[in-house]
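Residues: numbered from 1 along the sequence shown.
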Amino acid sequence: MNFHKKHTLLKMLSIFSVVRGYTIALILFAQYLTSIFILSPNSAVLEVLLDPYLFAIILATIGAVASGYIINNFYDHEKDLINRPQKFILDTMVSQQTKLKLYFILNFLVLLSASAISFRAVLFFVCYIFAIWFYSHKIKKMPIVGNLTSALLSITPFFAIFLYYQNYNQLIFVFGFYLFLILAMRALVKDLENIKGDFTLNYQTVPVVYGERSTKLMITVLALINIIISLFLVFNFDLELMDYFFLGSILILTLSLIIIWRTSSQKQYHIIHIMLKGLIFLGVLSITLLKPSLILNKIF
């Protein structure tokens, strides 16, 4: 591989890292699974996959999320140098100027996609893009409020497809609240993991302002609420095989709490962070277990 090709590949990997391509892929996967198995269970798979309006919504969503990660990376440039030096080196393969250009290009494409749906969709994504920028610029540095805003912004894209299908299933909102709490936990764990850089740059995060013990107490409360929600979902909804996901999540959350109270190391916090990300990934996959009989019916 010559130098030019290698340099181009590194730049592509850098962009993938900045926009967190794995998360973008997960959101795309989650939105289609939610549409197929929950919001439009009576439609054939191809009918959902080939729906141009749904495609436009999902395209706008992943574009808005990707641009959000870019602007977030732009503001976290100095902090990543301390907390994630290896990721920082990869991310700097693309200049800050190029990142900003890509940010504006993506936002333009988001609004273009939204305009193919409706004026309300354009307004929705304009507000969403602004909210992400305002979070990265101001709210992120506010303890507790920043964590909750981060979690809320992460689940907001799903409201776009709810509005499209006009299906306000109670289960969706309970599961959405469950996911919101997991994301809030993850944000707090991430703050514990990044405490060195936050303290150095005077970021007013929860661990910096209230201390590690108080942060762990908050994570514990969120985990206990989610355990209660898991039991509520298992005993009050017909989830079929998805019951196993929520029962398994209780074990993962319990294990996370045991680890978090026994450690103060960045490495262990990172492990918990990965566990929670894995729980989110399994939660997305488990959507297919909600109505397993539909899998074969929809495919064949």
Side-chain angles (χ1 to χ4, degrees), residues 15 18-21 23-35 38-40 51-76 99-170 172-184 186-187 190 203-205 280 284:
I15 293 172
V18 170
V19 302
R20 302 185 194 181
T23 302
I24 299 298
L26 182 61
I27 291 172
L28 185 149
F29 193 52
Q31 287 190 305
Y32 269 118
L33 283 182
T34 303
S35 300
I38 300 178
L39 299 178
S40 186
D51 184 337
Y53 295 107
L54 177 63
F55 176 76
I57 290 173
I58 293 177
L59 192 63
T61 298
I62 61 177
V65 172
S67 73
Y69 281 131
I70 290 172
I71 200 66
N72 191 57
N73 178 274
F74 183 84
Y75 283 111
D76 280 353
K99 289 174 188 175
L100 281 180
K101 287 179 181 178
L102 185 58
Y103 171 74
F104 287 112
I105 290 170
L106 280 173
N107 284 334
F108 172 75
L109 294 175
V110 167
L111 298 182
L112 193 63
S113 294
S115 66
I117 306 162
S118 67
F119 180 68
R120 285 194 304 171
V122 173
L123 286 179
F124 175 89
F125 283 104
V126 165
C127 293
Y128 185 57
I129 290 167
F130 175 79
I132 292 176
W133 170 81
F134 192 65
Y135 160 77
S136 299
H137 183 59
K138 290 286 185 183
I139 300 176
K140 187 175 184 178
K141 297 181 181 180
M142 299 179 184
I144 301 178
V145 175
N147 299 90
L148 295 177
T149 303
S150 173
L152 184 62
L153 288 173
S154 296
I155 64 170
T156 297
F158 288 94
F159 286 105
I161 56 173
F162 295 158
L163 292 172
Y164 174 63
Y165 282 107
Q166 296 186 353
N167 185 338
Y168 307 106
N169 190 309
Q170 184 184 8
I172 293 292
F173 287 95
V174 179
F175 186 60
F177 185 57
Y178 169 91
L179 183 60
F180 169 77
L181 293 176
I182 292 291
L183 290 165
R186 190 176 73 107
K190 190 176 178 182
Y203 273 51
Q204 299 301 295
T205 60
I280 294 169
V284 170

Roughly how far apart are [X] [atom1] and [Y] [atom2], rounded to 0.5 Å?
X      : Y      : atom1 : atom2 : answer
Ile117 : Phe55  : CD1   : CZ    : 10.5 Å
Leu59  : Ser113 : CG    : OG    : 4.0 Å
Phe104 : Leu109 : CZ    : CG    : 13.5 Å
Arg20  : Ile27  : CZ    : CD1   : 10.5 Å
Leu179 : Arg186 : CG    : CZ    : 9.5 Å
Ile155 : Ile280 : CD1   : CD1   : 11.0 Å

Test log, rule side chain to side chain contact (heavy atoms under 4.5 Å, CB included), inputs Ile161 and Tyr32: CA-CA 9 Å; Ile161 56 173; Tyr32 269 118; over 6 Å; no
Flag side-chain contact, heavy atom, 4.5 Å: Tyr103 against Asn107: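 Result yes, sub-4.5 Å side-chain heavy-atom pair found.
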Side-chain heavy atoms of Asn72 within contact of Lys140, under 4.5 Å: yes
Without swapping roles, check the side chain of [X] against the backbone of [Y] for a donor-acceptor pair under 3.5 Å.
X      : Y      : result
Ser35  : Gln31  : yes
Asn147 : Ile144 : yes
Tyr53  : Ala116 : no

Mutual orientation of the aromatic rings belonging to Trp133 and Phe130 [parallel < 30°, tilted 30-60°, perpendicular > 60°]: tilted
State, to 0.1 Å, how close [X] and [Y] come at their nearest heavy-atom pair, and which atoms those are.
X      : Y      : result
Ser136 : Ile71  : OG-CG2, 3.7 Å
Ala60  : Val110 : O-CG2, 3.4 Å
Val284 : Leu33  : O-CD1, 3.5 Å
Leu148 : Phe180 : O-CE1, 3.6 Å
Tyr128 : Leu153 : OH-O, 2.8 Å
Ile57  : Phe125 : O-CZ, 3.9 Å

Side chain to side chain contact (heavy atoms under 4.5 Å, CB included), paired with Phe134, selected from Thr149, Ile139, Ile129: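 When Thr149, Ile139, Ile129 are each tested with Phe134, the side chain to side chain contact (heavy atoms under 4.5 Å, CB included) holds only for Ile139.
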